[in-house]
Trainee: 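My questions all concern the structure below.
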Protein chains: 2
Amino acid sequence: MTTAEPDAPHSAPTLSAVAKLAGVSSITVSRVVRLPGLVAPETRGRVEAAMRELGYVPNQLAGALASARTRSVGVLVPTIANSIFADTVQGLSDELEPLGYAVILAQSRYDAMREDRMLAALLSRRPEAIIMVGSPATDDGARLLRRAGIPIVETWELPASPIDAVAGFDNYAAGETVARHLVAQGRRHLAFIGGDDPRATRRWNGFRDAALAAGANEPRRLVLERNASGSVAALAELPGVDAVFAANDAHAIGFLSGLRAAGLQRSGPASAQPVAVIGLGDLEMGRLIAPSLSTIRVHGDAIGRTAAKLMLTRDGPRHVDLGFELVLRDSG
Amino acid sequence: MTTAEPDAPHSAPTLSAVAKLAGVSSITVSRVVRLPGLVAPETRGRVEAAMRELGYVPNQLAGALASARTRSVGVLVPTIANSIFADTVQGLSDELEPLGYAVILAQSRYDAMREDRMLAALLSRRPEAIIMVGSPATDDGARLLRRAGIPIVETWELPASPIDAVAGFDNYAAGETVARHLVAQGRRHLAFIGGDDPRATRRWNGFRDAALAAGANEPRRLVLERNASGSVAALAELPGVDAVFAANDAHAIGFLSGLRAAGLQRSGPASAQPVAVIGLGDLEMGRLIAPSLSTIRVHGDAIGRTAAKLMLTRDGPRHVDLGFELVLRDSG
DNA sequence: CAGGGAAATGATAGCGCTGTCATTTGCGCT
DNA sequence: AGCGCAAATGACAGCGCTATCATTTCCCTG
């Protein structure tokens, strides 16, 4: 333990600075960092002492350039705030961080041009894989990914012709499941509320097709802003509707709040509700409110972990369906 | 437009490959990418065509090594899933991405050892700044940051002796504000529920001190798991309590749910509630539930944006208090 | 019309590491 | 005694860029 120096000199110590201090060659220091087993214990001790003394922090940038292994992953999500995608990011980073991977996070904000820019920006950092929510919105984006020559994992969907690997669930089937359930409960005037991104649209398609097939009226679709508050007022646009499928739980909870304000809410089971509401995502909140929210539970965390596993190996299935479940509570 | 090649050959095209194809030196290609104004339009056109033809994606790793500018920021949060910190990450990345910065995200999971590991891992990527929630938990962590010689922004707190810059609010004062309000409403039996991380503890300290000073009984403190469901059952541990301050809105909503289950909830204003509940964070959900949640509103997004600005310049104030507001609704 | 300077381009030397191939030493075995 | 081999260490080139300092060309100006 030396006396605390008056903060850092100006440039960070390098491998060879450590090497000089320890009286070895720099490659030996490199080995102490990466392959300690190859260095004699006595030498290793000296080198470690030198590293501590200088406060050496390896420069992974240089290492990555020399070895062509960056140990980083590019992660692209529409948005991270307030969103269920955060679970996926958490899941994959929990899986990857212990392995020494860095997560480079980018947000597309549901904007195709921005998505392409972010994709190029990510790729320019030479990640060892890209994990993204959905599929690239443009052909340019897809081409960029295909040419990158690294594992690409598309998530939250099951694209018919994926670029490489997939970890998701069937959004169309989720919509169907909800519609069938609602019709089976005697609801006939259905509506779908939420965004118009590809996944929401797929849910809508399944919802409408199944509703029609089951004999309900033509369902309505209301495209809303991306926040729950927008859905509070959605009711006014949907006269006569007796069941609503929201593209996600936040919208569902907002809609529920609008229903309460309109006096269209009873305490008691789903069958007592003038308007049934079903969400998607299974937020913890949904379980805690009254009436508790019925929802399609998806496995955001498992999607992230699975995506991580898919990027780590090229063997095994490249197309994992994590499924979903209809969780029935009081709202529908 | 050439005919689509059968996907990439195996290694990515380099600057000099583009240069050869365009018949210029590689430095000229580099300039076309970074300083297009310095290259004659005719030359630039040829180079751009060559880049397009080869699908050139610059290697920022190599660029960073050569220029000592990585255009990346390390961001360390306790957790990203389901958390208010996501707003902060969103805010700072919205500010930084247009400037070409990459966000390298790491999670400490409220674990000091993991925090130190993540800090070292981030630093080894040579970010141009580190933005973190809170202050380093250990001296080792603090030393690492101090020695790194880059801007460090601590957020969500106002540490007395920060490493460098700060963008946060006064957690102690938030606790005080809540306690004073509650006591002014005639509540005397207060409790605090939530985690025991440094920020929650600071809130608790302010809460307790102000409660005592205002003449309430000694408040109770209940440390809970980090999810809202844990707080549903908290009520059982708190007999006789007539007001609760939850360390965050999720806990508050969970507790509200426990109250409802116990029949301890009235419709109507705060004064009618047997137990007043106040949260912190101002989640959108809090506004949508019944009773609507009173809360301390903090500006997670602004914290992120401010942190971004603080890392971009060394001029101006390095210590920004973004404040908070007590938002009174129906729960307390 | 000589001289000066701006505009456009290039040659060279690293950035801080790692891959690859030596080289040296010590030791067991026939 | 001599050989072979594993263990430990090192020399050297180069990853794909950019900083820095030329060099060349051309045009404007007094």
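The figures here come from the full heavy-atom set of this structure, side chains too, leaving out hydrogens, waters and symmetry mates. Below, chains carry the letters A, B, ... as their sequence lines are ordered, and counting in each starts from 1.
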Trainee: Please list, chain by chain and in numerical order, all residues satisfying side-chain hydrogen bond (donor to acceptor under 3.5 Å, both in side chains) with B/D164, sequence neighbours excluded.
Mentor: B/R318

Trainee: Just grab all the salt bridge (charged side-chain N to carboxylate O under 4.0 Å, His left out) pairs involving residues 129-145 of chain B, residues at least two apart or on different chains.
Mentor: B/D140-B/R143

Trainee: At a heavy-atom distance below 4.0 Å, which nucleotide of DNA chain D is the first touched by chain A, and which is the last?
Mentor: D/dA8 to D/dG16

Trainee: Walk along nucleotides 16-25 of chain C from 5' to 3' and tag each nucleotide B, S or - by protein heavy-atom contact under 4.0 Å, base first, then sugar-phosphate.
Mentor: BBBB------

Trainee: Got a sec, which residues hit salt bridge (Lys or Arg N to Asp or Glu O under 4.0 Å) with B/D111, two or more places apart in sequence or on another chain?
Mentor: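 With neighbours one apart ignored, the set is empty.
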
Trainee: Please list, chain by chain and in numerical order, all residues satisfying salt bridge (Lys or Arg N to Asp or Glu O under 4.0 Å) with B/R114, sequence neighbours excluded.
Mentor: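 Residues passing salt bridge (Lys or Arg N to Asp or Glu O under 4.0 Å) with B/R114: A/D94, A/E97.
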
Trainee: Can you tell me which residue pairs pass the ring-ring contact (aromatic ring centres under 6.0 Å, His included) test with a partner in residues 69-93 of chain A, sequence neighbours excluded?
Mentor: A/F85-A/W156

Trainee: Suppose we screen for side-chain hydrogen bond (donor to acceptor under 3.5 Å, both in side chains). Which residues come up paired with A/D301, at least two apart in sequence or across chains?
Mentor: A/R305

Trainee: State, to the nearest 10°, the angle formed by the axis through the first five base pairs of the helix from C/dC1-D/dG30 to C/dT30-D/dA1 and the axis through its last five.
Mentor: 30°

Trainee: Please state whether the phosphate of C/dG10, meaning OP1 or OP2, lies under 4.0 angstrom from any side-chain nitrogen or oxygen of B/T28.
Mentor: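 B/T28 to C/dG10 OP1/OP2: side-chain N or O found under 4.0 Å.
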
Trainee: Can you list everything that forms a side-chain hydrogen bond (donor to acceptor under 3.5 Å, both in side chains) with B/R69? Sequence neighbours excluded, please.
Mentor: B/Y101, B/E128

Trainee: Going by the side-chain contact (heavy atoms from CB on, under 4.5 Å) test, name the single residue among A/T155, A/I80, A/I104, A/L92 that passes it with A/V75.
Mentor: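 Result: among A/T155, A/I80, A/I104, A/L92, A/L92 is the only option passing the side-chain contact (heavy atoms from CB on, under 4.5 Å) with A/V75.
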
Trainee: State which residues pass salt bridge (Lys or Arg N to Asp or Glu O under 4.0 Å) with A/R202; sequence neighbours excluded, sorted by chain then number.
Mentor: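 Checked A/R202 against salt bridge (Lys or Arg N to Asp or Glu O under 4.0 Å); matches are A/E157.
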
Trainee: How would you list, by chain and number, every residue that makes a side-chain hydrogen bond (donor to acceptor under 3.5 Å, both in side chains) with B/R34, sequence neighbours excluded?
Mentor: B/S30

